Amino acid sequence: MKVKFETERLILRRWEDSDAENLFEYAKDPDVGPIAGWPAHQSIEESRGVIQNVLNGKEAYAICLKADDKAIGTIELKLNGYTDMTERDDECELGYWLGKPFWGRGIMPEAVKEMFRHAFEDIGMTKVWVGYYEGNNKSKRVQEKCGFRYQWKSEGVDVPLMHEKRTGHVSSITKDQWQWDRLYAAASAVRNERRISEYVTCGEVSAAILSGTGKIYTGVCIDTCSTLRICAERNAIFNMITNGEQEIDKVIAILPDGSSGAPCGACRELMVQLMPEKYKDIQIMMDYTQERILTLGELTPEWWI
């Protein structure tokens, strides 16, 4: 398993002893650690000890800018045995912090989204948990931006490194929720209502499908003044077929108001004919806001053939 990941702006890699000076530079700031539950570092040697004894987890990574590969924060998937949020081997807890000079630049959401991919695609996680202490509004916003669903609040939570008790908030995201969020974002990105000619408009509705291999394909509706119109879902499916795939796992269509809805009869018929033995298992997002999902088998219980 590789131990370095790259995003548009970042490198996420394992911590090294040589990172101690950079770690101390940001961890000594009293605005960084205490609100997250740990005291500000007092020396480079203390930071080196933290690298060796705390940031040494199997899935602990330094957050670095590609420009210089210097550590500016940390992100970790705390596996079963190292978190009190779950006792399952296929679930983990996300922990993170970032140096103050880099706040407000979207760096942490960028790192979190790559950790989602790693958790769900590489190491077989089905759910990621996360928490923040009351008053840590920056961490709260990161979790909201990244799609975590709020679960509960706990009073009197022990914060041993700070020798105090606080109110804690817990959220989570499942692999299915993460996949639906990515599909919604992909479909939204291509929706662009426009007129192509006097007779053709397109983009009023967009769609995204998740294939059997985990790839996302998109499409938009094309409307003409004759019966040549075609739905966004079918264009997404044709895109998938063009790229050599034929199995569909999930489907979402985004309507002009940003809501999601069911595919029309023609789109359902195509999916049935494409996967006659497995079509009933295809998942359809009926209402993204309410996370209401039906299978194609529930929408089309009996096929005419």
Side-chain angles (χ1 to χ4, degrees), residues 90 116-117 120-121 125-127 147-149 172-194 200-305:
D90 62 349
F116 281 166
R117 188 208 58 75
F120 294 131
E121 293 186 350
M125 295 293 110
T126 61
K127 180 182 285 188
F148 280 100
R149 277 67 165 175
S172 68
I173 187 169
T174 67
K175 182 177 181 178
D176 269 353
Q177 290 169 332
W178 170 71
Q179 289 175 328
W180 285 117
D181 288 350
R182 292 172 66 224
L183 285 170
Y184 185 89
S188 298
V190 298
R191 197 179 76 79
N192 178 21
E193 184 176 358
R194 60 198 185 277
V200 180
T201 61
C202 72
E204 184 179 16
V205 176
S206 61
I209 61 175
L210 184 70
S211 74
T213 65
K215 294 182 180 178
I216 293 176
Y217 298 94
T218 59
V220 298
C221 67
I222 299 176
D223 294 304
T224 74
C225 64
S226 67
T227 58
L228 297 176
R229 69 178 304 276
I230 188 167
C231 296
E233 296 96 320
R234 274 176 282 162
N235 271 332
I237 292 170
F238 296 150
N239 186 9
M240 177 192 71
I241 294 173
T242 299
N243 283 276
E245 297 199 62
Q246 64 188 60
E247 289 203 2
I248 303 167
D249 183 36
K250 293 177 170 63
V251 179
I252 188 170
I254 308 300
L255 306 179
D257 64 357
S259 65
S260 56
C264 73
C267 292
R268 299 182 203 181
E269 176 67 20
L270 173 61
M271 288 187 277
V272 170
Q273 292 193 32
L274 189 63
M275 298 174 56
E277 305 299 326
K278 299 180 179 179
Y279 78 90
K280 290 186 177 182
D281 296 327
I282 296 174
Q283 297 179 57
I284 309 294
M285 178 56 75
M286 303 295 293
D287 186 328
Y288 178 74
T289 302
Q290 299 297 320
E291 295 187 331
R292 180 171 175 256
I293 302 163
L294 293 178
T295 64
L296 187 54
E298 291 170 315
L299 283 175
T300 310
E302 297 295 334
W303 186 31
W304 64 272
I305 281 187

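Along the sequence shown, residues carry numbers from 1. Everything numeric in this text was worked out from a predicted model, so none of it was measured.
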Novice: For a side-chain contact (heavy atoms from CB on, under 4.5 Å) check, start with the C-alpha distance between M125 and F116, then their side-chain angles and the critical distance, and finish with the verdict.
Specialist: CA-CA 9 Å; M125 295 293 110; F116 281 166; over 6 Å; no
Novice: Compute whether any side-chain donor of one residue and acceptor of the other, for S259 and D257, lie under 3.5 angstrom apart.
Specialist: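 Yes - a donor-acceptor pair under 3.5 Å links their side chains.
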Novice: I need the S206 OG to E193 CD distance, nearest 0.5 Å.
Specialist: 11.0 Å
Novice: Quick one: do M285 and Y184 satisfy side-chain contact (heavy atoms from CB on, under 4.5 Å)? Show the steps, please.
Specialist: CA-CA 10 Å; M285 178 56 75; Y184 185 89; over 6 Å; no
Novice: Are more than 12 heavy atoms, taken from residues, nucleotides or ligands other than E121, located less than 6.0 Å from that residue's CD atom?
Specialist: yes
Novice: Just checking, any donor-acceptor pair under 3.5 angstrom between side chains of N239 and N243?
Specialist: yes
Novice: Please name the pair of heavy atoms, one in Q273 and one in W303, separated by the smallest distance, quoted to 0.1 Å.
Specialist: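 Of all heavy-atom pairs spanning Q273 and W303, the closest is CG-CZ2, 3.6 Å.
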Novice: Taking it one step at a time, do I293 and K250 satisfy side-chain contact (heavy atoms from CB on, under 4.5 Å)?
Specialist: CA-CA 10 Å; I293 302 163; K250 293 177 170 63; over 6 Å; no
Novice: To the nearest 0.5 Å, tell me how far L294 CG sits from T300 OG1.
Specialist: 10.5 Å
Novice: In plain terms, say whether R149 and D181 are close enough for a salt bridge, that is, a side-chain N and a carboxylate O under 4.0 Å apart.
Specialist: yes
Novice: Out of curiosity, C221 SG to E204 CD, how far, rounded to the nearest 0.5 Å?
Specialist: 5.5 Å
Novice: For D223, give me all partners under salt bridge (charged side-chain N to carboxylate O under 4.0 Å, His left out), at least two apart in sequence or on another chain.
Specialist: R229
Novice: I284 versus M271: any side-chain heavy-atom pair under 4.5 Å?
Specialist: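 With C-beta onward as the side chain, the pair touches.
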Novice: Please find the pair of heavy atoms, one from F120 and one from T126, that lie closest to each other, and give the distance.
Specialist: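 Residues F120 and T126, closest heavy atoms: CE2-C, 3.8 Å.
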Novice: When you measure from the side chain of N192 to the backbone of G203, do you find a donor-acceptor pair of N or O atoms at a distance under 3.5 Å?
Specialist: no
Novice: Please round to the nearest 0.5 Å and tell me the distance separating atom CD1 of I237 and atom SG of C231.
Specialist: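 Nearest 0.5 Å value for the CD1-SG distance: 10.0 Å.
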Novice: Is a side-chain donor or acceptor of S260 paired with a backbone partner of Y288 at a separation under 3.5 angstrom?
Specialist: yes
Novice: To the nearest 0.5 angstrom, please state how far the CG atom of L210 sits from the CE atom of M240.
Specialist: 10.5 Å
Novice: Would the distance check show the side chain of R268 and the main-chain N or O of L296 forming a donor-acceptor pair, the cut-off being under 3.5 Å?
Specialist: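 Checking the backbone N and O of L296 against the side chain of R268, no donor-acceptor pair under 3.5 Å is found.
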Novice: Could I get the full list of side chain to side chain donor-acceptor pair (under 3.5 Å) partners for Q283, not counting sequence neighbours?
Specialist: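 Q283 satisfies side chain to side chain donor-acceptor pair (under 3.5 Å) with no other residue.
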Novice: Closest approach of A187 and I254, non-hydrogen atoms and distance?
Specialist: CB-CG1, 3.5 Å
Novice: In Å, rounded to the nearest 0.5 Å, how long is the span from SG of C267 to CG of N235?
Specialist: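 If we round to the nearest 0.5 Å, C267:SG and N235:CG are 9.0 Å apart.
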Novice: Side chains of E233 and L270: does their closest heavy-atom pair fall under 4.5 Å?
Specialist: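 In short, these two side chains do not touch, never coming nearer than 4.5 Å.
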Novice: If you look at every heavy atom in E247 and K278, which pair is closest and at what distance?
Specialist: OE2-NZ, 3.1 Å
Novice: Please check if the side chain of R194 supplies one atom and the backbone of T201 the other of a donor-acceptor pair under 3.5 Å.
Specialist: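 Not confirmed, R194 side chain does not pair with T201 backbone.
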Novice: Where do T218 and A208 come nearest, in terms of heavy atoms and distance?
Specialist: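 Closest approach of T218 to A208: CG2-CB, 4.0 Å.
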Novice: Do S211 and D249 make a side-chain contact, defined as non-hydrogen atoms from C-beta onward lying under 4.5 Å apart?
Specialist: no
Novice: Where is the tightest heavy-atom contact between L183 and I209, given as atom of each residue plus distance?
Specialist: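 Minimum heavy-atom contact is CD2-C, 3.6 Å.
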Novice: Not counting sequence neighbours, which residues clear side chain to side chain contact (heavy atoms under 4.5 Å, CB included) with A185? List them please.
Specialist: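 A185: no side chain to side chain contact (heavy atoms under 4.5 Å, CB included) contacts found.
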